[in-house]
Amino acid sequence: MRSSSGTGSATGIPAGAVPLVLIAFGVGALGGTAVGGRLGDRRPMATTITAAAATALTLLALIPASNSPVPAVILVFLMALTGFTVNPVVTSLAVRFAGDASTLTSALTTSAYNAGIAAGALVAGRAPDSSLGLTGPALVGAVFVALTLLPLIALALSDAAGSSRIVAQHSTGTGADTDAGERQAANPTVTSARLITTTHRL
């Protein structure tokens with residue numbers, strides 16, 4: 001991975017500047033967590049799908065930019081920003097659907113994150129030795145992120161269908177109540193009889 005001079009990496013970033021790249025990643029991760037926590041309360045599905053798609057695009061953009069230091073560092077920051085936007089929202093959704101098993105679900109969600117990190121590191125770590133070369137890790141990451149879009153989109157469609165059924169049932173119930181009120185108002189005899197009966201009871 002090092003250049004022949006021993007002072008830089010494949011991206012042209014000096015070895016001494018690598019900690020600064022990691023700091024940029026950390027700042028992006030912190031910002032993504034804050035953004036996800038704020039936007040996820042209002043529009044969770046839209047936030048997760050948009051952030052996951054943006055992460056995949058960022059990783060794909062990192063492939064041609066991997067040999068340029070400044071664009072690579074910016075894309076690393078954006079990758080962390082968009083990627084970590086998903087985590088708090090997904091955890092919140094999992095706990096919401098868990099019912100009484102919220103503690104167990106939260107623990108399993110964190111375990112799933114760690115398992116994904118381990119699997120991604122294993123596959124991406126072998127990618128540079130394959131025919132993909134140095135573009136392999138970014139490509140593997142983009143594929144992993146793209147796969148997360150499948151359950152997210154399925155969950156969003158399921159949630160939208162459930163909301164539509166609730167709205168339809170509410171509209172039907174409101175319409176029935178309105179029709180009953182209109183029928184009662186159109187029949188003054190029934191209304192008068194009910195008033196006389198109520199007065200007699202009093």
Side-chain angles (χ1 to χ4, degrees), residues 1-37 39-40 44-91 93-94 107-157:
M1 292 294 180
R2 299 290 182 101
S3 64
S4 58
S5 63
T7 59
S9 64
T11 59
I13 300 174
V18 171
L20 298 179
V21 179
L22 296 178
I23 290 174
F25 181 89
V27 172
L30 179 62
T33 302
V35 170
L39 296 181
M45 298 312 306
T47 300
T48 52
I49 292 174
T50 302
T55 304
L57 293 176
T58 302
L59 285 165
L60 290 176
L62 190 59
I63 294 175
S66 60
N67 293 324
S68 303
V70 175
V73 173
I74 293 174
L75 288 172
V76 166
F77 168 78
L78 292 177
M79 176 185 64
L81 179 67
T82 56
F84 277 84
T85 298
V86 178
N87 292 7
V89 188
V90 171
T91 302
L93 288 173
L108 290 176
T109 302
T110 304
S111 299
Y113 290 149
N114 292 326
I117 292 171
L122 177 64
V123 178
R126 296 177 181 273
D129 297 329
S130 68
S131 59
L132 297 175
L134 296 178
T135 63
L139 184 58
V140 169
V143 171
F144 267 66
V145 176
L147 290 176
T148 66
L149 287 171
L150 299 179
L152 288 175
I153 292 174
L155 184 60
L157 293 175

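- Side-chain contact between V145 and L59 is present, with at least one heavy-atom pair separated by less than 4.5 Å.
- In terms of heavy atoms, A53 sits closest to L149 at N-CD2, 3.9 Å.
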Which pairs would a plain distance check flag for residues 121-143, meaning a side-chain donor or acceptor within less than 3.5 Å of a matching protein atom at least two apart in sequence or in another chain?
| unit_1 | atom_1 | unit_2 | atom_2 | d |
| --- | --- | --- | --- | --- |
| S130 | OG | A127 | O | 2.5 |
| S130 | OG | L132 | N | 3.3 |
| T135 | OG1 | L132 | O | 2.7 |

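- With rounding to the nearest 0.5 angstrom, the CG atom of L147 is 11.0 Å from the CG atom of L152.
- Minimum heavy-atom separation, M79 to T55: O-CG2, 4.3 Å.
- Judged by distance alone, with hydrogens and angles left aside, the side-chain atoms of T50 form no donor-acceptor pair with the main-chain N or O of T47 at under 3.5 Å.
- Checked against L75 for a side chain to side chain contact (heavy atoms under 4.5 Å, CB included), the options V70, L60, L62, I63 give a single hit: L62.
- Under the side-chain hydrogen bond (donor to acceptor under 3.5 Å, both in side chains) criterion, T58 pairs with no residue at all, not counting sequence neighbours.
- Distance check: T82 OG1 to L57 CG gives 9.0 Å after rounding to the nearest 0.5 Å.
- The distance from atom CZ of F25 to atom CG of L30, rounded to the nearest 0.5 Å, is 12.0 Å.
- Closest of all the heavy-atom pairs between V89 and G40 is CG2-CA, 3.8 Å.
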What donor-acceptor contacts under 3.5 angstrom involve side-chain atoms of residues 112-119, with partners at least two apart or in another chain?
| unit_1 | atom_1 | unit_2 | atom_2 | d |
| --- | --- | --- | --- | --- |
| Y113 | OH | N87 | O | 2.7 |
| Y113 | OH | T91 | OG1 | 3.0 |
| N114 | ND2 | T110 | O | 3.3 |

